[in-house]
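One structure is given here, and the rest of the page talks about it.
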Amino acid sequence: MIIPLAACGETKQLQRQVYSMDTIMTITAYGKNAEKGLDAAEASILALEAMIDPDIETSACYAINHANGEEVNVNGLVAEMLEDAKLVNEQTEGAYDLTIYPLSKRWGFIDRKYYTPTAAEIAEDLARLCMADMQLTKFPTSGTYSVWLPSYGELSFASCAKGCAAKYAIDAMRKQGVTSGIVSLGGNVQTLGHKPDGSEWTIGITDPNNTSNYLATVLVGETAVVTSGPYQRYFPSDPSIHHILNPKTGYSTANGLTSVTIFCEDGTMADCLSTAMFVLGKSAALNYWKTYGGFEMLLISDDNTITATKGLMEKVAVTNPNYKLSFFE
């Protein structure tokens, strides 16, 4: 988990915890409008969860997964997640794919009833990958969208929902007049403005080898910060079997990375990218950044090296002497 480190000084601070999307979320707001901001942020998060939970029969996700090849109407918020996911899927040549959901269920990462599938079962679920075939159509007059998946496809928004939730929670607080705040959603942090004293926020980056400690801190302004790593969910009997599955192989990603943190203005895109870059691996992730840009990145490797993109220069401070930092330009 990434934890925001901020001193509130004499400015009024209110904080609230919300359980949603299978995690405890912490919302912090400063100033006279803090309580209204927390109410609005919480309502925004819970509303999004109701839209995208694949087990809620009234949700858009459930409708898409049970459409049997028919089109399903969705609102702009759901469409935004699908658009971002589709773009990253295309740009990474399938390294990021929301339709890996059936395989995630097969491994037990959804219900925590862990199971090692056979090669045949993995092949069967990989054959259901169809993010590249998904069609999203916009209807300008109504502002609505329709989404189409092949009849055999099922998707989950789990790998981008928290980023989207944080983004819209921040927007909800801003509309209530809050100018300084943080939303922390289990590995996803999004900040609103700067700290009350005008300084930057300090974000602690979890040490994947000791998750109770930080390995570095990063100074940020208003942005989303999202981390993906195998330590977030894995088989209790074997930590090498973790939830970040490679859509090319069907097995847990193993490429030398132990953590990827994305710094990006858009929380939804940051969430998509953190998973995608982890799956790609260090070299391909850095090539992606160089090709497309629009974000900064911090990569942790299993040899205890930290590679940060050049936009993080003078922002990163290593707090664990066992790690060595270098910058990629």
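All values reported here derive from a predicted model rather than from experimental measurement.
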Can you list every salt bridge (Lys or Arg N to Asp or Glu O under 4.0 Å) pair that touches residues 14-32, not counting sequence neighbours? R16-D39, R16-E42, D22-R112, D22-R233
Could you list all the salt bridge (Lys or Arg N to Asp or Glu O under 4.0 Å) pairs where at least one residue sits in residues 152-175, not counting sequence neighbours? E80-K167, K105-E154, R128-E154, K167-D266, D171-R174, R174-E222
Verify same cluster id: Y251, L280 (apolar side-chain graph, 4.5 Å): no
Looking at residues at least two apart in the chain, or sitting in another chain, which of them share a ring-ring contact (aromatic ring centres under 6.0 Å, His included) with Y152? none
Shortest non-hydrogen contact from E49 to I56? O-CD1, 4.4 Å
Indicate the ring-plane relationship of F109 and H243, choosing parallel, tilted or perpendicular according to the 30° and 60° boundaries. perpendicular
Between N304 and N209, do the side chains contain a donor N or O and an acceptor N or O under 3.5 Å apart? yes
Would you say D53 and Y62 are linked by a side-chain donor-acceptor pair, where the criterion is simply a distance under 3.5 Å? no
Are I100 and L82 connected in the hydrophobic side-chain network, where two residues link if heavy atoms are under 4.5 Å apart? no
Using the six-membered ring wherever Trp is involved, compare the ring planes of F295 and Y288 and label them parallel, tilted or perpendicular (cut-offs 30° and 60°). tilted
Angle class for the Y30/W201 ring planes (parallel below 30°, perpendicular above 60°, tilted otherwise)? tilted
For T309 and E296, which I'm curious about, is there any donor-acceptor pair between the side chains at under 3.5 Å? yes
Between R106 and E124, does any NZ, NE, NH1 or NH2 come within less than 4.0 Å of an OD or OE carboxylate oxygen? yes
side-chain contact (heavy atoms from CB on, under 4.5 Å) filter on N68, not counting sequence neighbours, yields none
Can you list every pair that meets salt bridge (Lys or Arg N to Asp or Glu O under 4.0 Å) and has a residue in residues 269-287, with sequence neighbours left out? none
Write out all pairs satisfying salt bridge (Lys or Arg N to Asp or Glu O under 4.0 Å) with one or both partners inside residues 319-329, taking only residues at least two apart or from two chains. none
What I want to check is whether the side chains of Q91 and Y292 have a donor and an acceptor closer together than 3.5 Å. no
Between the side chains of D84 and Y96, is a donor N or O closer than 3.5 angstrom to an acceptor N or O? no
Do S212 and N210 get their side chains close enough for a donor-acceptor pair, meaning under 3.5 Å? yes
So how far is it from L98 CG to N89 CG, rounded to the nearest 0.5 Å? 8.0 Å
For a quick check under 3.5 Å, do D207 and N320 share a side-chain donor-acceptor pair by atom type? yes
Steps toward ring-ring contact (aromatic ring centres under 6.0 Å, His included) verdict (Y101, F157): CA-CA 9 Å; Y101 177 54; F157 293 98; 10.0 Å; no
Taking every non-hydrogen atom, the tightest pair across A63 and V72: O-CG2, 3.6 Å
